[in-house]
Amino acid sequence: GSLLEARTLHKSYGPTPALDGADFTIHPGEVVAVMGPSGSGKSTLLHCLAGIIRPDSGTVRYGEHNLTTMNDARRSALRRSDFGFVFQFGQLVPELTCVENVALPLRLAGAKRAAAEARSLEWMERLEVAEIGAKRPGEVSGGQGQRIAVARALAGAPRVIFADEPTGALDSLNGERVMALLTEAARDTNAAVVLVTHEARVAAYSDREIVVRDGVAREMAGTV
Ligand code: ADP
Ligand code: ADP
């Protein structure tokens, strides 16, 4: 069955539409790259799909849920329980250690510290950053910090991982490693990944590509 569905999404911040038509379906376990030039509407599309902003018209369905009509409190709860997020910068809490950062969503969901940190360490091992658990984000490299962010997104067992330029601040070797680890882990857990990128070498990790141009999102021919 389908996991996430966009139907005729439109969103404007001013006179010019930021998003002017998006229709597609994402299935469990799929890695979908959203590509397009800067300002084309990729982030707006990602934020609509993740229930962070509401489109002006159109529908986003997640399983049984209509994210477009759901109230803010329920959407927030659903984001926390079912979605994971990875961004380019500034997502780790500088005052917490790396393992505390990974464990934070589990702690907020009510897990006890020992259980949350044990589960976090499993993901950190998988992302090859278990040894930096006691360090703070300011003491680790960009590539390590981004792996910590990926471990945090995965530790909550999300059904969908939204990643907005997750490798944008990394050199190509670290970027490819982060993408390989993220997509492997997502496939193993049957989570879908919606990945915004403008880099072809990052999109190469996806199963399908959706190209956004002037707010219009189109399935790239030949990738289905
Ligand atoms: P991309 O992620 O492809 O760079 P965005 O979705 O961020 O594109 O932006 C699409 C268009 O909407 C751009 O013209 C951008 O300037 C505009 N835009 C995005 N967010 C806002 C906002 N919060 N307020 C006003 N305009 C915005
Ligand atoms: P609320 O808006 O109800 O306070 P949160 O701020 O806890 O909800 O956000 C829930 C999830 O959505 C978090 O994982 C967070 O990273 C993500 N999120 C919230 N705001 C944004 C945003 N402006 N851009 C991208 N992701 C966001």
Side-chain angles (χ1 to χ4, degrees), residues 3-4 26 28-31 46-47 49-53 60 62-65 67 70-167 169-170 174 177-195:
L3 186 62
L4 198 59
I26 296 172
E30 271 188 324
V31 179
L46 183 95
H47 290 167
L49 293 176
I52 292 165
I53 60 172
V60 176
Y62 166 69
E64 327 265 84
H65 305 284
L67 290 191
M70 188 181 274
N71 71 39
D72 286 348
R74 288 195 59 215
R75 285 194 334 167
S76 279
L78 189 73
R79 278 204 303 275
R80 288 202 194 92
S81 62
D82 286 35
F83 297 168
F85 294 88
V86 185
F87 303 110
Q88 183 173 358
F89 294 117
Q91 46 196 328
L92 299 175
V93 181
E95 294 81 10
L96 298 180
T97 65
C98 287
V99 70
E100 286 167 346
N101 265 282
V102 176
L104 187 59
L106 296 170
R107 298 281 286 140
L108 292 173
K112 293 219 187 333
R113 183 185 184 103
E117 293 195 356
R119 177 139 167 226
S120 298
L121 271 172
E122 285 170 24
W123 280 108
M124 290 168 69
E125 268 160 29
R126 173 134 199 196
L127 275 294
E128 303 169 346
V129 283
E131 72 285 358
I132 59 164
K135 293 193 174 180
R136 284 173 216 286
E139 302 167 325
V140 307
S141 72
Q144 288 172 324
Q146 209 53 353
R147 287 175 206 203
I148 293 294
V150 171
R152 183 175 63 183
L154 286 159
R159 304 318 309 143
V160 188
I161 298 162
F162 293 95
D164 198 346
E165 301 281 5
T167 62
L170 305 180
N174 271 301
R177 193 75 196 124
V178 165
M179 281 311 301
L181 292 165
L182 169 62
T183 52
E184 270 170 35
R187 288 208 169 87
D188 286 355
T189 57
N190 210 31
V193 178
V194 183
L195 163 72

Task: Which atom of Ala149 lies closest to which atom of Val86, heavy atoms considered - done: O-CG2, 4.2 Å
TODO: Rounded to the nearest 0.5 Å, what's the gap from CG on Leu67 to CG on Leu49? Could you check?
DONE: 8.5 Å
TODO: Taking the side chain as every heavy atom from C-beta outward, state whether Pro137 and Ile148 have any pair of such atoms under 4.5 Å apart.
DONE: no
TODO: Return the minimal non-hydrogen interatomic distance between Ile26 and Ala192, and the atom names on each side.
DONE: CG2-CB, 3.9 Å
Task: Within-4.5 Å side-chain heavy-atom neighbours: Gln88 and Asp164 - done: no
Open item on the list: Just so I know, are the side chains of Gln144 and Lys135 near enough to count as touching, which here means a heavy-atom distance under 4.5 Å?
Closed with: no
- [ ] Could you please spell out the steps behind the side-chain contact (heavy atoms from CB on, under 4.5 Å) verdict for Cys98 and Val140?
- [x] CA-CA 9 Å; Cys98 287; Val140 307; 4.1 Å; yes
Open item on the list: Tell me whether Arg74 at atom CZ has more than 12 heavy atoms from other residues, nucleotides or ligands lying less than 6.0 Å away.
Closed with: no
- [ ] Mind checking the CD-CD1 spacing from Glu139 to Ile132? Nearest 0.5 Å is all I need.
- [x] 10.0 Å
Open item on the list: Can you confirm whether Leu195 sits close enough to Met179 that some side-chain heavy atom of one is under 4.5 Å from a side-chain heavy atom of the other?
Closed with: yes
TODO: Indicate the atoms forming the closest heavy-atom contact of Gly143 with Val178, along with that distance.
DONE: O-CG2, 4.3 Å
Open item on the list: Closer than 3.5 angstrom, by distance alone: can the side chain of Arg152 be matched with the main-chain N or O of Gln91 as a donor-acceptor pair?
Closed with: yes
Open item on the list: Any salt bridge linking Arg79 with Asp72? Criterion: basic side-chain nitrogen under 4.0 Å from a carboxylate oxygen.
Closed with: no
TODO: Using atom types as modelled and distance alone, determine if a side-chain donor or acceptor of Arg126 lies under 3.5 Å from a backbone N or O of Leu121.
DONE: no
Open item on the list: Which label fits Tyr62 and Phe83: parallel for a plane angle under 30°, tilted from 30 to 60°, or perpendicular past 60°?
Closed with: perpendicular
Task: Carboxylate-amine/guanidinium proximity below 4.0 Å for Glu128 and Arg147 - done: yes
- [ ] For Ser76 and Ala73, indicate whether the former's side chain and the latter's backbone hold a donor-acceptor pair under 3.5 Å.
- [x] no
TODO: Calculate, to the nearest 0.5 Å, the distance between atoms CZ and CG belonging to Arg119 and Leu154 respectively.
DONE: 10.5 Å
Task: Sidechain N-carboxylate O distance under 4.0 Å for Glu100, Arg107 - done: no
- [ ] Working to the nearest 0.5 Å, report the span between CD1 of Ile52 and NE2 of His47.
- [x] 4.5 Å
Task: Exam field: side chain Gln146 to backbone Leu170, donor-acceptor pair closer than 3.5 Å - done: no
Open item on the list: If you compare all heavy atoms of Gly133 against all heavy atoms of Met124, which two are closest, and at what distance to 0.1 Å?
Closed with: CA-CE, 3.6 Å
TODO: Would you indicate whether the side-chain heavy atoms of Val160 and Asp82 approach each other to under 4.5 Å?
DONE: no
Task: Considering all heavy atoms, the nearest Trp123-Ala155 contact - done: CD1-CA, 3.6 Å
Task: Asn101 side, atom CG; Ser120 side, atom OG - distance, nearest 0.5 Å - done: 10.0 Å
Task: Minimum side-chain heavy-atom gap Glu30-Val193 below 4.5 Å - done: no
TODO: Would you check if Val102 and Glu117 make a side-chain contact, meaning some heavy-atom pair closer than 4.5 Å?
DONE: no
TODO: Return yes if some donor-acceptor pair links the side-chain N/O of Arg136 with the main-chain N/O of Pro94 below 3.5 Å, else return no.
DONE: no
- [ ] Go through Arg80 and Leu108 one step at a time and tell me if the side-chain contact (heavy atoms from CB on, under 4.5 Å) criterion holds.
- [x] CA-CA 9 Å; Arg80 288 202 194 92; Leu108 292 173; 5.7 Å; no
Task: Closest non-hydrogen atom pair between Thr97 and Ala134, with its separation - done: CG2-O, 3.5 Å
Task: Inter-residue atom distance Leu127.CG - Glu184.CD, 0.5 Å rounding - done: 10.0 Å
Task: Any side-chain heavy-atom pair of Asn174 and Thr167 under 4.5 Å - done: no
